[in-house]
Amino acid sequence: MCFGLANDAVTAELEAIGALEGLSKKEVKAKTGGLVRERIPALAQRVADAIAGHGFARVEAVNGYINISFDANRMAARLIGEVLERGDAYGRVAPVAETVMVEHSQPNTHKAFHVGHLRNSCLGVSLTHILRAAGYQVQDANYIGDIGMHVIKCLWCYERFHRGEEPIEPAARGRWLGEIYAESDARLNFRKDVLDFLHLLATEDPTFVAAIDKMLKFLWRKNTEGEDIAYLLGRIAAAQPIKDELLREQDVIVKFWPIIGDQLRDQIANPKPIAPVDGAPEPTTTPEERLATWERLAEHIDDWWPHVPAWREEVRETFQRWEAQEPGFVQLWETTREWSLADFRRIFDELGARFDVWFFESEVEAEGREIVQELLERGIAEVSEGLPVVKIDEKLGLETPTYRTLPILRSDGTTLYSTKDLALTRRKFERFGVDRAIWVVDVRQSLYFQQIFKVLELWGFTQAAQSFHLPYEMVRLPEGVISSRKGNVPIYDDIRDAVVARAREIIEEKNPDLAPEVKETVAWQVAIGSLKYAMLARDNNKVVTFDLEEALSFEGHAAPYIQYAHARACRILENAGVIPADLEAAAASLDFGTPAPEELSLLQAISALPDEIREAADDYRPLVIANYVFDLAKRFNDFYHACPVLQSPEPVRTARLALTAATRQTLANGLALLGIAAPAAM
RNA sequence: GCGCCCGUAGCUCAGUGGAUAGAGCGCUUGCCUCCGGAGCAAGAGGCCACAGGUUCGAGUCCUGUCGGGCGUACCA
């Protein structure tokens, strides 16, 4: 404030004596800048002198800032009294008459629940807690992907290759299905994987291109499939993508495959220095990695390559069996769906996610189709290239591609994600009476949601304006992106097993005297808390790099640090033999004497919780709370290292005990907002 | 092409337009006779990608450039 005042004063004075006349803006700035800087400290001092004594304990001017101190004992008594009196409710903001639905944790049945889903669930759960604390009426909604192409692919693969098989472990049936799904994906994309690999070789391996060029020419002369060889030759030499539908003989690639392997092995056995080519991009793979990929594909090339087109047709037919609601197929769907749902219920229970509403994709298919029909009838949607779409930019009269085109039904009449989302959104507002709907979905779906909201708007659905997509970035691994093709997807169950096991070890080492049941409970609380904190202590628009080693360390900036501070506070209170009620009664007349800086700093942090909740809710950012609660724990650490509690003489002892109790409560409330448990001992 | 996001310490990340830009990990050195060492104290480590602009004041706001990621009609 003093900076602004000084600037105004200096400018006014100079203007008054005409010193600024005819000068450019820049020149004025150069002239006033120094004067303003000189003026500030004196001005700040004057302001400080003027307000000193008006009920403030101390007022001082420092570096152009005015620092105001309040009577610490009075403020502390009031704050601690409020915290102890309100307990779990401390930090909560007055209720708001607005119902918000948060949709998150949209796992797909027949697929594995992995580390990516974990980020979504942690974010969603924390967000619902934060919004509730900020006074909103919150509906916590799950939306299970229990139908769609992935389900059909999985069931096709199950019937075709695993009929009659049952997962060995009943607790992991969903996971077993996920493996079947992964297999179906590998089978159906096999040709694409092979051709992408050839394209990769052609793009970043000049030695390979030269060698293959020679060999293909040799084959060309003596082979009957001359046209195919010529095609491959041309594409590889020019590093162009290869299309299998342009091959005359379907098995030419299969015949060609061993030659590629020989060449890759030869390159590794006799490495040649590669002369860098100007303008050519750096290779992204090593020769060893390329050979490994070749070997992985070689395992199935004879069996799989010829069948891919027929398999894809079978998948299409399988989808039609769903469409026709063929009883046997529906029965299979129901059984396998339940395997996945059982897994999900267990996982959400472990994560402390309790939903008010469970939506399923399968229950909005019919309603979605009706909406598509209506959109077509009203001319908002049209049939283009054989399928119903909404050409949004055209409808809005936009020149530059912005919202583009949204397909709303497949050409064979089966439903898309968009078909179902149109129906579900209407349901949320009309049947559930929400005022605002939030979708917690990863950032790659941003355009998709803008499209959905625009289509609803074009349809005349005014609540589209109250629909918000909350995007968050992806989870990666230290070694790169998560990819089911590369087979490096960390499954939730595996991560949890590793983290819980580590937590057990550490408890055994640090606190062997705890009762066995307590040890087990605490191991879970610390393990799950640690995982959650890793997911939440990163802003929504930042990629999370999930490092299992880091998640296992339990040291430093992590949940256990905060939980530990909470446990220490509990122990101090326990050793003192006081109960919160006693301290609450004493709160009105607390006397810290002359409070230590660590005590003031801690009091300040405790008082900040309501503001932090508001900020986190306004911006949908659990990170705000994650940072806050860590900072609070750190200040508590500073406090108990600097200020002995139990050995202090009265009345300071009681004051410090009350402060410890208030900190404990605030730590617990902050952790609760993140969905993290606060153990009393660990 | 068009659009969105990211770029801060060796690494992973914080940082309402305001004071000398902060944590954690890793590295160096200390601290358990003292409320629990999952902790604490100290040290080294920064042209806040780059260039302009707005402002009394920019890591923060605006424009552009470079680098990286993602999306862009029948996956979800």
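Every chain is numbered from 1 and lettered A, B, ... according to where its sequence line falls, protein lines coming before strand lines. Note: hydrogens, waters and symmetry copies are ignored here, and every other heavy atom, side chains too, is used.
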Under 3.5 Å, is there any donor-acceptor pair linking the side chain of A/Ser446 to the base of B/C4?
no
Base, sugar-phosphate alone, or nothing: which one does A/Asn108 contact when heavy atoms must sit under 4.0 Å apart?
sugar-phosphate
Within this structure, what is the NZ-to-P distance between A/Lys542 and B/C70, rounded to whole angstrom?
18 Å
Just call it for A/Asp539: base, sugar-phosphate, or nothing, with non-hydrogen atoms closer than 4.0 Å on any strand.
sugar-phosphate
Inter-residue atom distance A/Lys395.NZ - A/Tyr403.OH, 0.5 Å rounding
16.0 Å
Round to a whole Å and report the spacing from NZ of A/Lys634 to C1' of B/G24.
8 Å
Going by heavy atoms closer than 4.0 Å, what residues in residues 614-626 of chain A are next to RNA chain B?
A/Arg621, A/Leu623
Regarding B/C35, can its base be found pairing with the side chain of A/Arg568 as donor and acceptor, where the two atoms are less than 3.5 Å apart?
no
Closest of B/C40, B/G71, B/C5 to the A/Asn541 side chain is B/C5
Please work out if A/Arg571 contacts a base, only the sugar-phosphate, or nothing of the nucleic acid, heavy-atom cut-off 4.0 Å.
base
Mind checking if A/Ala681 touches a base, just sugar-phosphate, or nothing, with heavy atoms under 4.0 Å?
base
Once you round it to whole Å, what is the distance between P of B/G22 and NE2 of A/His557?
17 Å
Would you mind calling B/C32 syn or anti? Take O4'-C1'-N9-C4 for purines or O4'-C1'-N1-C2 for pyrimidines, and syn is within 90° of 0.
syn
Kindly indicate, with the supporting measurements, whether the criterion salt bridge (charged side-chain N to carboxylate O under 4.0 Å, His left out) is fulfilled by A/Glu598 and A/Arg635.
CA-CA 7 Å; A/Glu598 290 81 5; A/Arg635 292 187 199 216; over 6 Å; no
In whole angstrom, what separates A/Met474's CE from B/A76's P?
16 Å
Scan A/Gln445 against the nucleic acid and name what it touches under 4.0 Å (heavy atoms): base, sugar-phosphate only, or nothing.
base
Sugar-phosphate only, base, or nothing, as touched by A/Ser384 at under 4.0 Å among non-hydrogen atoms:
base
Reckon A/Val481 touches a base, only the sugar-phosphate, or nothing at all at heavy-atom distances under 4.0 Å?
nothing
Between P of B/A42 and NE2 of A/His641, the distance in whole Å:
12 Å
Scan A/Val443 against the nucleic acid and name what it touches under 4.0 Å (heavy atoms): base, sugar-phosphate only, or nothing.
nothing
Which nucleotide, B/G36, B/G39, B/C75, lies nearest any side-chain atom of A/Leu416?
B/C75
Would you sketch RNA chain B in dot-bracket for me? Only Watson-Crick or G-U wobble pairs with both distances under 3.5 Å count, crossing pairs as [ ], other-strand pairs as |, the rest as dots.
(((((((..((((....[...)))).(((((.......))))).....(((((..]....))))))))))))....
Mind checking if A/Gly148 touches a base, just sugar-phosphate, or nothing, with heavy atoms under 4.0 Å?
sugar-phosphate
Base, sugar-phosphate alone, or nothing: which one does A/Leu409 contact when heavy atoms must sit under 4.0 Å apart?
nothing
So with a 6.0 Å cut-off around CD of A/Gln604, is the heavy-atom count from everything else above 12?
no
Within the structure shown, what part of the strands sits under 4.0 Å from A/Tyr448 by heavy-atom distance: base, sugar-phosphate, or nothing?
base
How many Å lie between CG on A/Leu406 and P on B/A73, as a whole number?
11 Å
Rounded to whole Å, the CG-P distance (A/Leu552 to B/A38) equals 17 Å
Rounded to whole Å, CD of A/Glu382 lies from P of B/A73 at a distance of 15 Å
Which part of the nucleic acid, if any, lies within reach of A/Tyr417 when heavy atoms closer than 4.0 Å are counted: base, sugar-phosphate only, or nothing?
base
Describe the nucleic acid contact of A/Cys643 in one word from base, sugar-phosphate, nothing, applying a heavy-atom distance below 4.0 Å.
base
Can you tell me, in whole Å, how much space there is between the C1' of B/C40 and that of B/G46?
26 Å
A/Lys542 vs A/Glu473, test: salt bridge (charged side-chain N to carboxylate O under 4.0 Å, His left out). Steps then yes/no.
CA-CA 6 Å; A/Lys542 289 280 173 62; A/Glu473 261 293 353; over 6 Å; no
For B/C13, does either OP1 or OP2 sit under 4.0 Å from a side-chain N or O belonging to A/Thr545?
yes
Using a 4.0 Å heavy-atom cut-off, does A/Asp638 contact any base of the nucleic acid, only the sugar-phosphate backbone, or nothing at all?
sugar-phosphate
